[in-house]
Amino acid sequence: MLLNYHIFKPESVETFKDLDKVGEFSTEFILVVTELMAIQEKTNYPTGSLTESLYRDFGVKDRFSVIQKAVLKRLR
């Protein structure tokens, strides 16, 4: 089943182009991997929302809350 779940848009790369100057991975790579992770989660766990929830909290909640959510979900 192919999900209609698209995060990556080529025009989004331009918004973050300056970030390509630092780090090991390009902005385009990070955006595509993010979409693939979300698709994988929805394929294997149709009711899952961890990936989406983490990205929604990122930049809004404090770092500890985001890391705690990611780690504790795996430990349960």
Side-chain angles (χ1 to χ4, degrees):
M1 178 173 117
L2 184 61
L3 299 173
N4 189 11
Y5 194 88
H6 299 287
I7 296 170
F8 177 75
K9 292 178 178 54
E11 59 272 12
S12 298
V13 173
E14 289 304 314
T15 304
F16 302 103
K17 201 67 174 163
D18 288 342
L19 293 174
D20 286 345
K21 297 174 189 171
V22 296
E24 188 173 340
F25 301 107
S26 70
T27 303
E28 183 174 5
F29 176 80
I30 299 294
L31 292 171
V32 170
V33 167
T34 299
E35 181 167 348
L36 290 173
M37 287 172 48
I39 291 169
Q40 181 272 333
E41 180 182 58
K42 291 298 181 185
T43 300
N44 293 331
Y45 307 100
T47 59
S49 62
L50 178 60
T51 303
E52 184 179 335
S53 176
L54 286 174
Y55 282 107
R56 188 174 35 250
D57 291 351
F58 188 78
V60 177
K61 294 191 176 184
D62 63 282
R63 189 178 305 159
F64 178 76
S65 298
V66 175
I67 293 169
Q68 181 182 30
K69 181 186 287 187
V71 172
L72 288 180
K73 290 274 187 179
R74 278 192 244 144
L75 294 177
R76 290 182 197 167

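Computed over heavy atoms, backbone and side chain alike; hydrogens, waters and symmetry mates excluded. For the single chain, residues carry numbers from 1 onward in sequence order.
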Asker: When you group the ILVMFWY residues by side-chain heavy-atom contacts below 4.5 Å and let the links chain together, are L19 and L31 in the same group?
Answerer: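 No, L31 does not connect to L19 through the hydrophobic network.
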Asker: If you measure only the distance, is there a donor-acceptor pair under 3.5 Å linking the side chains of T27 and D20?
Answerer: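 Yes, because at least one side-chain N or O of T27 sits under 3.5 Å from a partner of the opposite role on D20.
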Asker: If the condition is side chain to side chain contact (heavy atoms under 4.5 Å, CB included), which residues does D57 pass it with, not counting sequence neighbours?
Answerer: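 D57 satisfies side chain to side chain contact (heavy atoms under 4.5 Å, CB included) with S53, K61, V66, K69 only.
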Asker: Between E35 and I39, does the side-chain contact (heavy atoms from CB on, under 4.5 Å) criterion hold? Intermediate values first, please.
Answerer: CA-CA 6 Å; E35 181 167 348; I39 291 169; 3.8 Å; yes
Asker: Please check if the number of heavy atoms outside E24 that lie under 6.0 Å from its CD is greater than 12.
Answerer: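 Atom CD in E24 is not packed in, count stays at 12 or less.
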Asker: Please round to the nearest 0.5 Å and tell me the distance separating atom NZ of K21 and atom OG of S26.
Answerer: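 Atom-to-atom, K21:NZ and S26:OG are 14.5 Å apart.
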Asker: Using the rule that two of Ile, Leu, Val, Met, Phe, Trp, Tyr join whenever any of their side-chain heavy atoms come within less than 4.5 Å, decide whether F29 and M37 are in one cluster.
Answerer: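 Per the 4.5 Å side-chain linkage, F29 and M37 are co-clustered.
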